[in-house]
Amino acid sequence: MTAQTTTEPAVLVLEDGRVFRGRGYGATGTALGEAVFATGMTGYQETITDPSYARQLVVQTAPHIGNTGVNREDAESRRIWVAGYVVRDAARRPSNWRSERSLDEELVEQGVVGIQGVDTRAITRHLRERGAMKAGIFSGADAARPEAELLETVKAQASMKGSRLAEEVSIDAAYTVEPADFGWTGEPLYTIAALDLGIKSMTPKRFAERGVRVHVLPAASTLEDVLAVNPDGVFVSNGPGDPATADTQVGLLREVLDRKVPFFGICFGNQILGRALGFGTYKLRYGHRGINQPVMDRTTGKVEITSQNHGFAVDAPLEGAVTAPEARFGRVEVSHVSLNDQVVEGLRCLDIPAFSVQYHPEAASGPHDSAYLFDRFIDVMAQAKTGAAADSKGEK
């Protein structure tokens, strides 16, 4: 892969045969993945460094991309994870006091193939009508290959359905995020074990700001690994891939729930909780990706605008409390629901200390409507600790 020139040809080929021609952006070569669209008008650096986008070609619906460049502070993980990048009007040069280099330079440096100068509105409308699908970006010499040959290359790649990706994006070794590093004075209030299935860097920071020490653990961690940090609670992060493949994490969470350790999950973590409780999951037609998704919190009746990035959802009854299919975990209810399409956006267990949401309360970038969820988890841990102290004294 080499750097591109503004006149270099590029082509986006979709699985159903639709073709969009433009110019190269970022590295030169071939990028294969699932074509999806993201509706955020800002935060492109946070988008491309979100591990949940692994093996996906991201189409930005906002027309102007790259205006503010990139910097080291805004990255949500150690690298760019999008498989390829599709934009309409790429900035010729960045203009922002925080910019350290151009987005194009960053894409080249990390070998990410992109395409610019295409009608992203038309692509988005097509994906909304036909659904997210396999796709490929081909630039330079690869773009000159016959379209029929390119289409066969696109179709031959693995489907996102059935893909197990969390282990690919997770860390190799555990690390700890200390509250003192993010403005907290005094001793930590609580300690949590956070399972990294594709965690964004802002998530442990949000906990640390509230006095919570976070031990971030690899995706394949065992119950022994979790208990070794003596956690007051367990957290499961966002991440890529099909939740139907996450049997290891589902088994771990069931062991955690059996011990009534407080649990909070977001995005992939919501799907893991759903599966642990015995519910199924399914692939959405084109998913929810962006920072403007309206959700109703049924606990409070409030509507919040949320940041989301997911292509799968939990299949659970929308109305009323039900006994979980895994009956030992008691009653559960859908706590949050999408106001766009009524997709399950959160689960709340009524007999054990566990809840989850399908979106990103750390919101980097995005709205801060959902920041209360970190406080809600702290409340759950506090109640569990108070109850444990009472039980140790023989109180009722």
Side-chain angles (χ1 to χ4, degrees), residues 233-238 242-244 246-247 249-288 292-361 367 369-384 386-387:
V234 171
F235 172 83
V236 174
S237 78
N238 58 291
D242 187 343
D247 292 343
Q249 291 77 26
V250 170
L252 170 62
L253 181 53
R254 283 176 175 161
E255 294 180 299
V256 169
L257 299 180
D258 282 334
R259 286 163 173 74
K260 293 184 168 52
V261 178
F263 170 78
F264 175 31
I266 68 169
C267 201
F268 206 64
N270 179 65
Q271 298 157 13
I272 298 298
L273 177 60
R275 283 201 56 204
L277 296 173
F279 297 113
T281 56
Y282 63 98
K283 195 174 191 301
L284 295 168
R285 184 174 179 81
Y286 49 81
H288 299 160
N292 53 0
Q293 305 284 333
V295 167
M296 168 73 79
D297 180 351
R298 289 176 164 177
T299 304
T300 63
K302 294 181 179 179
V303 175
E304 53 200 90
I305 303 302
T306 68
S307 174
Q308 300 197 15
N309 174 14
H310 65 107
F312 294 83
V314 176
D315 186 9
L318 289 177
E319 301 299 332
V322 299
T323 299
E326 290 290 331
R328 70 184 188 274
F329 298 128
R331 298 166 300 148
V332 61
E333 64 181 8
V334 172
S335 58
H336 296 72
V337 65
S338 169
L339 295 180
N340 283 336
D341 54 15
Q342 299 300 298
V343 165
V344 172
E345 293 284 358
L347 298 169
R348 184 167 75 102
C349 295
L350 304 180
D351 299 314
I352 56 175
F355 72 98
S356 60
V357 294
Q358 187 56 64
Y359 47 93
H360 291 258
D369 297 20
S370 307
Y372 70 91
L373 291 164
F374 294 104
D375 300 307
R376 183 175 289 181
F377 188 43
I378 289 173
D379 290 341
V380 171
M381 289 189 288
Q383 292 167 9
T386 300

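Quantities reported herein were computed from a predicted structural model and do not represent experimental measurements.
- Listed by chain and residue number, Asp297, Glu304, His336 satisfy the side-chain hydrogen bond (donor to acceptor under 3.5 Å, both in side chains) test with Tyr372 (two or more places apart in sequence, or in another chain).
- Using a distance-only test at 3.5 Å, with no hydrogens or angles considered, no donor-acceptor pair links the side chain of Arg348 to the main chain of Phe355.
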Exercise for review: Check the pair Val314, Asn270 against side chain to side chain contact (heavy atoms under 4.5 Å, CB included), reporting the backbone distance first and the verdict last.
Suggested key: CA-CA 8 Å; Val314 176; Asn270 179 65; 3.7 Å; yes
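- Put simply, OH on Tyr359 and CD1 on Ile305 are 11.0 Å apart, with the number rounded to the nearest 0.5 Å.
- The shortest distance between side-chain heavy atoms of Gln293 and His360 does not fall below 4.5 Å.
- Contact of the Val332 side chain with the Val322 side chain is registered, since non-hydrogen atoms from C-beta on lie closer than 4.5 Å.
- Formation of a donor-acceptor pair under 3.5 Å by the Gln271 side chain with backbone atoms of Phe312 is found in this model.
- Nearest heavy atom pair, residue Pro361 against residue Leu373, reads CB-CD1, 3.9 Å.
- Rounded to the nearest 0.5 Å, atoms SG (Cys349) and CD (Glu333) are 9.5 Å apart.
- For Arg275 (side chain) and Ala244 (main-chain N/O), a donor-acceptor pair under 3.5 Å exists by modelled atom type.
- Between the side chains of Glu345 and Gln308, at least one donor N or O lies within less than 3.5 Å of an accepting N or O.
- Atoms CZ and CZ, from Phe263 and Phe377 in turn, are 8.0 Å apart once rounded to the nearest 0.5 Å.
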Practice item. Run the numbers on Gln358 and Cys267 for side chain to side chain contact (heavy atoms under 4.5 Å, CB included), then give the verdict. Key: CA-CA 4 Å; Gln358 187 56 64; Cys267 201; 3.8 Å; yes
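- In this structure, Phe279 and Pro325 have side chains that are in contact, with non-hydrogen atoms separated by less than 4.5 Å.
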Exercise for review: Decide yes or no on side chain to side chain contact (heavy atoms under 4.5 Å, CB included) for Asp369 and Thr306, but give the supporting numbers first.
Suggested key: CA-CA 7 Å; Asp369 297 20; Thr306 68; 5.9 Å; no
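- Here the shortest heavy-atom pairing between Gly330 and Asp351 reads CA-OD2, 3.4 Å.
- Checking side-chain atoms of Asn238 against main-chain N and O of Ile266 turns up no donor-acceptor pair under 3.5 Å.
- In summary, Arg298 and Glu319 engage in a salt bridge, as defined by a charged side-chain N under 4.0 Å from a carboxylate O.
- For the pair Val380/Phe264, no side-chain contact is recorded, criterion being any heavy-atom separation below 4.5 Å from C-beta on.
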Exercise for review: Start with the C-alpha distance between Leu347 and Val334, add both sets of side-chain angles, then the distance that settles side chain to side chain contact (heavy atoms under 4.5 Å, CB included), and finish with yes or no.
Suggested key: CA-CA 5 Å; Leu347 298 169; Val334 172; 4.2 Å; yes
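- The two residues Ser356 and Ser335 make their nearest non-hydrogen contact at O-OG, 4.2 Å.
- For Phe329, the ring pair (Phe, Tyr, Trp, His ring centres under 6.0 Å) criterion is met by no residue, not counting sequence neighbours.
- Ring pair His288/His310 is perpendicular by interplanar angle, where above 60° counts as perpendicular and below 30° as parallel.
- Annotation for Pro262 and Met381: closest pair CB-CG, 4.0 Å, computed over non-hydrogen atoms.
- Counting all heavy atoms, side chain and backbone alike, Asn340 lies closest to Pro294 at ND2-CD, 3.4 Å.
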